[in-house]
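Take a look at the structure below.
The first residue of the sequence shown is numbered 1, and numbering continues consecutively from there. Start at 1 and go down the list; that is how both ligands and their atoms are numbered.
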Amino acid sequence: MIEVRELTKSYGTTVAVDQVSFDAHAGEVLGLLGPNGAGKTTTMRILTCYLSADAGSATVAGYDVFEESFEVRKQIGYLPESAPLYADMGVIEYLNFMTQVRKLPKSQRRERIRAVIDICGLEDVIQKDIGELSKGYRQRVGLAQSLIHDPPILILDEPTSGLDPSQIIEIRNLIKNIGQEKLVLFSTHILPEVSATCSRILIINNGKIVANGTPEELAAQEKGEEIVHIAIRGSQDAIEAQLNELEFVSQWNRVDTDNGIVGYQIHAAQGSDAAEALFHVVVKNGWSLTELRQESVDLEDVFLNLTDKEQV
Ligand SMILES: Nc1ncnc2c1ncn2[C@@H]1O[C@H](COP(=O)(O)OP(=O)(O)OP(=O)(O)O)[C@@H](O)[C@H]1O
């Protein structure tokens with residue numbers, strides 16, 4: 001649905017976006033993660049036709065961002081970092097205004113306003129002016145305007161910035177729900193944000209995409225191996241003789257011995273499905289398994305290694 005190739009944009013001597021390429025598909029919640037100044041906003045502004053690029057190409061739902069901006073804008077709902085909301089407008093009045101900006105046919109306006117109020121949980125505040133709303137509700141109104149024309153793609157720039165923890169959770173859940181039906185591309189500089197919300201992550205640093213994958217893939221790339229914790233009731237000598245013979249095991253450390261149960265940390269080749277393979281080894285030897293656990297993904301290491309540490 002989105003195809004970006006070698007996109008480049010400079011402001012004077014600052015290269016804000018540097019040969020960025022990526023694809024995004026329907027049904028994904030894609031997180032653009034990077035420290036401040038990494039180039040997230042610039043990338044999003046180019047994709048939403050608010051900014052031209054110096055080089056490269058980008059298409060949205062098959063339409064060229066530079067040649068067919070009218071069509072591209074129809075495909076995209078955009079929530080900029082500071083959404084231009086009008087404080088003295090009522091919620092309904094503002095959404096109605098946005099149906100006009102988006103040139104929705106009169107016959108559809110009422111139904112679309114109702115739909116976005118429902119999706120974004122605005123029912124309790126429809127009587128209020130935008131200026132009276134909490135920041136969390138204002139952000140919901142921002143999301144509602146981005147959805148008003150029912151676009152297949154949503155682009156959200158730091159949608160939880162400035163919200164308190166409970167508002168952040170609400171907006172994340174909203175994004176996840178919307179992501180079940182639409183492609184959502186959103187930016188953040190906060191790592192837990194992407195872990196909590198995204199199916200795939202692009203890490204951007206100094207204008208370049210430095211990683212692209214699911215949280216699990218990125219962590220596996222970083223480690224280059226699988227680490228499994230296992231505890232077995234059986235003869236220590238026999239277990240260790242067997243571990244030495246397993247080709248996928250690159251290294252093992254005995255971490256615990258307790259009442260006939262021996263615990264190991266096992267390093268294995270990436271993609272070897274070591275946990276499952278070790279389970280079969282234990283069963284084949286007639287030992288009993290008291291613990292089997294693959295070490296959890298540590299995305300923070302990935303992020304810190306790929307971006308400027310001092311900026312995170
Ligand atoms: N209008 C502008 N004029 C000059 N430089 C700019 C302009 N907009 C952005 N930049 C620079 O381009 C680089 C990328 O900025 P951008 O806003 O795209 O990053 P970002 O990842 O969105 O950061 P943030 O999270 O702080 O918004 C930064 O070095 C920034 O200072």
Under 3.5 Å, which donor-acceptor pairs link side chains of residues 49-67 to any protein atom two or more places apart or in another chain?
{"residue": "D54", "atom": "OD2", "partner": "S10", "partner atom": "N", "Å": "2.7"}
{"residue": "D64", "atom": "OD1", "partner": "F66", "partner atom": "N", "Å": "2.7"}
{"residue": "D64", "atom": "OD1", "partner": "E67", "partner atom": "N", "Å": "3.0"}

Result block: side-chain N/O donor-acceptor pairs under 3.5 angstrom for residues 255-266, not counting sequence neighbours:
{"residue": "Y264", "atom": "OH", "partner": "E240", "partner atom": "OE2", "Å": "2.7"}
{"residue": "Q265", "atom": "OE1", "partner": "N253", "partner atom": "ND2", "Å": "3.0"}
{"residue": "Q265", "atom": "OE1", "partner": "H267", "partner atom": "NE2", "Å": "3.2"}

Quick one: table the atom pairs, ligand 1 N or O against protein N or O, below 3.5 Å, distance rounded to 0.1 Å.
{"residue": "ligand 1", "atom": "18 (O)", "partner": "T42", "partner atom": "N", "Å": "2.9"}
{"residue": "ligand 1", "atom": "18 (O)", "partner": "T42", "partner atom": "OG1", "Å": "2.5"}
{"residue": "ligand 1", "atom": "19 (O)", "partner": "G39", "partner atom": "N", "Å": "3.1"}
{"residue": "ligand 1", "atom": "21 (O)", "partner": "A38", "partner atom": "N", "Å": "3.0"}
{"residue": "ligand 1", "atom": "21 (O)", "partner": "G39", "partner atom": "N", "Å": "2.9"}
{"residue": "ligand 1", "atom": "21 (O)", "partner": "K40", "partner atom": "N", "Å": "2.9"}
{"residue": "ligand 1", "atom": "21 (O)", "partner": "K40", "partner atom": "NZ", "Å": "2.9"}
{"residue": "ligand 1", "atom": "22 (O)", "partner": "T41", "partner atom": "N", "Å": "2.7"}
{"residue": "ligand 1", "atom": "22 (O)", "partner": "T41", "partner atom": "OG1", "Å": "2.7"}
{"residue": "ligand 1", "atom": "23 (O)", "partner": "G37", "partner atom": "N", "Å": "2.7"}
{"residue": "ligand 1", "atom": "25 (O)", "partner": "N36", "partner atom": "OD1", "Å": "3.3"}
{"residue": "ligand 1", "atom": "25 (O)", "partner": "K40", "partner atom": "NZ", "Å": "3.2"}
{"residue": "ligand 1", "atom": "25 (O)", "partner": "E158", "partner atom": "OE2", "Å": "3.2"}
{"residue": "ligand 1", "atom": "26 (O)", "partner": "G37", "partner atom": "N", "Å": "3.4"}

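For R114 and E123, the salt-bridge test passes: some basic side-chain N is under 4.0 Å from an acidic carboxylate O. Using a cut-off of 4.0 Å between Lys/Arg side-chain N and Asp/Glu carboxylate O, E71 and K74 are scored as salt-bridged. Using a cut-off of 4.0 Å between Lys/Arg side-chain N and Asp/Glu carboxylate O, D150 and K182 are scored as salt-bridged.
For the ring-ring contact (aromatic ring centres under 6.0 Å, His included) condition, no pair includes a residue of residues 132-155, sequence neighbours left out.
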